[in-house]
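Inspection log for the structure reproduced underneath, given as structure tokens.
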Amino acid sequence: MATIAVHELTRAYGPVLAVDRVSFTVGDGEIFALLGPNGAGKTTIVEILEGYRTRDSGVVEVLGCDPASGGSAYRARIGVVLQSAGFEEEFTVRELVRLQCALYPRRHDADELIDLVGLADKRTTRVKGLSGGQRRRLDLALGLAGAPELLFLDEPTTGFDPAARRHAWELVARLRGLGTTILLTTHYLEEAQHLADRVGVLRSGRLLTVGTPDELRAGSRLPTVISFSVPSARDLAGLPPLSAPPQIDGDHVRLVSHDPLPDTRRLTQWASRCGTDLPDFAVSPPTLEDAYLALTEEAADVR
């Protein structure tokens, strides 16, 4: 069953078509990432799904109802974490989270929620004393206050250091394990690759493709990069036949391969025969970021 079902969604601002006949679904308990450059239409789509913006045409169903007419009953079932939010600076973390939880008929325990987002040691700290990353954790806590069935996350780890970002990823994965459906927008492609079950790529209001990160990477047909070093450039004599000419820079080799498995086998067999070590040997398949950039650049060329 789909938590979100969107069909032929369209929204224009004057002559600018911000969302152009977009269709997709998000299944129960799924993490779905909407990706695209600035101006692609992500924010407009998410605000329509949240019920904060109207659409010009198309059918939108979220949690079994139309968000445009769902009212407070609908909003009580969703959580929203904005890219940036304003807080009352004089509240403590506990006071603010307790206040937010009290607004919902179904709610998390405030202290458990503070622990969940990693702010246990800041429970009695006033908001004005929090760092940027800690404020983003507070954003997450407030978005989860009503134990939402569906959570909208807009750039949730902006301003996080690498350790805090990993903690946030673990939290999002834990929420999925509890059955929460999550719609994520992010500019961190590694984040989408790590978290999302499926992604949709937007450009100029159009949905270019939807699929799992692995499907997008495979569909890009981008090459795999095989790289390695040898103790001495002399050891490169007699390299085996490969699917493409290798790029050799001193004692370092880089091969852009569309046939990586046979190339890897030939190289390792050659090194074994020659008794040559291959320090820093690496096989790097295309990433979601590579596939995303190829997709959006192709779309720009077409337009």
Side-chain angles (χ1 to χ4, degrees), residues 3 29-35 42-43 46-47 50 52 75-197 213 288-289:
T3 295
E30 183 177 28
I31 298 179
F32 186 92
L34 271 180
L35 308 177
K42 303 186 299 298
T43 298
V46 170
E47 289 180 347
E50 292 168 347
Y52 296 117
R75 290 191 290 274
R77 300 172 64 192
I78 67 172
V80 178
V81 177
L82 301 174
Q83 187 170 349
S84 61
F87 303 116
E88 173 49 60
E89 298 285 313
E90 295 301 323
F91 275 105
T92 67
V93 168
R94 178 188 278 132
E95 289 169 342
L96 197 55
V97 175
R98 280 182 174 175
L99 176 62
Q100 187 78 355
C101 288
L103 299 176
Y104 290 89
R106 191 178 80 153
R107 66 196 71 161
H108 277 297
D109 176 82
D111 285 305
E112 290 179 0
L113 194 52
I114 290 167
D115 292 341
L116 183 67
V117 300
L119 286 175
D121 60 340
K122 298 296 180 181
R123 205 180 304 272
T124 60
T125 301
R126 297 190 187 278
V127 170
K128 64 184 179 182
L130 299 179
S131 68
Q134 289 163 350
R135 285 172 178 253
R136 288 304 286 159
R137 294 187 190 198
L138 181 56
D139 282 336
L140 282 169
L142 299 179
L144 292 169
E149 299 168 56
L150 170 62
L151 181 63
F152 294 95
L153 292 179
D154 186 9
E155 301 289 342
T157 61
T158 298
F160 280 20
D161 60 40
R165 182 168 292 120
R166 290 285 175 176
H167 177 86
W169 292 358
E170 291 169 4
L171 171 59
V172 171
R174 199 177 314 154
L175 292 171
R176 174 176 53 188
L178 295 173
T180 307
T181 304
I182 297 170
L183 182 66
L184 167 74
T185 63
T186 181
H187 285 296
Y188 294 113
L189 276 295
E190 181 190 5
E191 184 162 271
Q193 183 167 324
H194 184 86
L195 290 175
D197 299 300
L288 178 61
E289 181 173 1

- Item | Set of residues satisfying side-chain hydrogen bond (donor to acceptor under 3.5 Å, both in side chains) with respect to Thr125, sequence neighbours excluded | none

- Note on the structure: Taken in chain and number order and not counting sequence neighbours, the residues that satisfy ring pair (Phe, Tyr, Trp, His ring centres under 6.0 Å) with His187 are none

- Query: Who pairs with Phe32 by ring pair (Phe, Tyr, Trp, His ring centres under 6.0 Å), at least two apart in sequence or on another chain?
  - Reply: Phe24

Can you list the residues that meet the salt bridge (Lys or Arg N to Asp or Glu O under 4.0 Å) rule with [X], with sequence neighbours excluded?
{"X": "Glu50", "result": "none"}
{"X": "Glu30", "result": "Arg198"}
{"X": "Arg123", "result": "Asp111, Asp115"}
{"X": "Arg166", "result": "Glu190"}

- Task: Kindly say whether Gly118 contributes a backbone atom to a donor-acceptor pair with the side chain of Arg137 at under 3.5 angstrom?
- Result: yes

Taking only residues two or more places apart in sequence, or in another chain, which ones meet [X] in a side-chain contact (heavy atoms from CB on, under 4.5 Å)?
{"X": "Glu112", "answer": "Asp109"}
{"X": "Ala141", "answer": "Val97, Leu113, Val117"}
{"X": "Glu149", "answer": "Leu63, Arg77, Arg106"}
{"X": "Thr43", "answer": "Glu47"}

- Carboxylate-amine/guanidinium contact Glu90 Lys128, below 4.0 Å: yes

- Query: Under the salt bridge (Lys or Arg N to Asp or Glu O under 4.0 Å) rule, what pairs show up with a residue in residues 174-189, not counting sequence neighbours?
  - Reply: Arg176-Asp197

- Message: If I compare all heavy atoms of Arg136 with all of Asp154, which pair ends up nearest, and what's the gap?
- Response: NH2-O, 3.3 Å

- Item | Taking every non-hydrogen atom, the tightest pair across Tyr104 and Gly146 | CG-CA, 3.4 Å

- Message: Could you tell me if the side chain of Leu153 sits less than 4.5 Å from the side chain of Leu140, heavy atoms only?
- Response: yes

